[in-house]
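Everything numeric here is computed off the predicted structure, so don't read it as measured data.
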Amino acid sequence: MKLLAIDCAANLCAACVYDAAAKQELGRSVLDLGKGHAEQLMAVIAEALKASATDYAGLSAIAVSVGPGSFTGLRVGVSTARGLALALQIPAIGVTTLEALAAEAAAAFPGRAVLAALDAGREEIHAALYDEMSALTYGPAVATLADVVAMATEHSSVLAGTAAALIVASAGGGFDIGHRTATADIVTYAGLAAAKGPGERPKPLYLRGADAKPQAGFILARLRP
């Protein structure tokens, strides 16, 4: 089974083709954009397909990072994955950024609990805790810095994600750390999706609402006839 993985959850616009049977990446394309995923994603996918000597007809599934992450990037990635899956009549499989980051940390520190945590701003942290067997025991959820420090300390967790440095600074050190990035390597998403298999259609994981909200002060009351 060949699987196409897509990630637009953070600064990267990434795609790779993955052979699930051989557990091997066949080709990839990655751009560090920051913004502009919608304009670049299809070209990135085309490059990954070309690098893997695969076409759309050769795909058996689509994997996509569902967040938490960039509000706009998640919509682009998930809508593209679902559109391709519908057109090709193959399943789309969602993988969270937190489980992908935790999987990489677990591979680097086997047999350890992992706390994946992303700095969401506004003194909020998006977090998920995985036990020594990589089973989810908390989250994904919004937490305070104090909450995640206590959680990490209690479970002697390996840390992963952009909030790792904040946790270490608040606790005064004492933690092993995996990747401190906002997203994982694209092949990690592919491998996790292949292991999961088909399930519910992916949808963006928004742990809080969009920053843009209607301004109530400018809403005019409807006039009654």
Scanning both residues in full, the closest heavy-atom pair of Gly36 with Leu33 reads O-CD1, 3.8 Å
Note to self: Counting C-beta onward and ignoring hydrogens, is there a side-chain heavy-atom pair between Ser60 and Leu3 closer than 4.5 Å?
What the structure shows: no
Only one of Ile93, Asp7, Ile6 passes side-chain contact (heavy atoms from CB on, under 4.5 Å) with Tyr189, and that residue is Asp7
Hey, any chance Phe71 and Leu118 share a hydrophobic cluster, counting ILVMFWY side chains that come within less than 4.5 Å of each other, even indirectly? no
Separation between CG (Leu207) and CD1 (Ile125), nearest 0.5 Å, reads 12.5 Å
*Ignoring hydrogens and geometry, is there a side-chain-to-backbone donor-acceptor pair from Ser29 to Ala15 under 3.5 Å?*
no
Nearest heavy-atom approach of Leu159 to Ala152 is CD2-CB, 3.8 Å
When every non-hydrogen atom of Gly111 is compared with those of Glu132, the smallest separation belongs to O-CG, 3.4 Å
Exercise for the section: Find out whether Leu145 and Ile167 are in side-chain contact, i.e. whether some heavy atom of one side chain is under 4.5 Å from a heavy atom of the other. Expected result: yes
Between Leu101 and Ala116, the two heavy atoms sitting closest are CB-CB, 4.5 Å
Residue pairs meeting side chain to side chain donor-acceptor pair (under 3.5 Å), one or both in residues 144-160, sequence neighbours left out, come to Thr144-Asp147
Exercise for the section: Take atom CZ of Arg112 as the centre, draw a 6.0 Å sphere, and report whether it contains more than 12 heavy atoms from other residues, nucleotides or ligands. Expected result: yes
To the nearest 0.5 Å, atom CD1 of Ile62 lies from atom CD1 of Ile90 at 4.0 Å
Review point. Under the 3.5 angstrom rule, does the side chain of Arg82 hit a backbone N or O of Pro202 as a donor-acceptor pair?
Key: yes
The reported gap from OG1 in Thr188 to OH in Tyr18 (rounded to nearest 0.5 angstrom) is 9.5 Å
Notebook entry, point to check: Under the 3.5 angstrom rule, does the side chain of His37 hit a backbone N or O of Ala10 as a donor-acceptor pair?
Noted result: yes
message: Side chains of Thr80 and Met42, heavy atoms from C-beta outward: is any pair under 4.5 Å?
response: yes
CG of Leu115 to CG of Leu98, rounded to nearest 0.5 Å, is 9.0 Å
* Taking Glu104 for the side chain and Gly178 for the main chain, is one N or O donor matched with an acceptor at less than 3.5 Å? -> no
Rounded to the nearest 0.5 Å, the CG atom of Leu12 sits from the OG1 atom of Thr181 at a distance of 8.0 Å
Of all heavy-atom pairs linking Gly67 and Leu205, the shortest is O-CD2, 3.6 Å
Mark yes when over 12 heavy atoms from residues, nucleotides or ligands other than Lys23 sit less than 6.0 Å from its NZ; otherwise mark no. no
The single option from Leu84, Val64, Thr54 that satisfies side-chain contact (heavy atoms from CB on, under 4.5 Å) with Leu4 is Leu84
inquiry  = Main chain of Gly94, side chain of Lys196: is a donor-acceptor contact present, judged purely on distance under 3.5 Å?
reply    = yes
| field | Any donor-acceptor pair under 3.5 Å from His126 side chain to Tyr206 backbone | value | no
Donor-acceptor under 3.5 Å (Thr162 side chain, Asp119 main chain):
yes
Residues Val78 and Pro204: closest non-hydrogen pair is CG1-CD, 3.8 Å
Distance col, row Leu41:CG vs Cys13:SG, nearest 0.5 angstrom, shows 4.5 Å
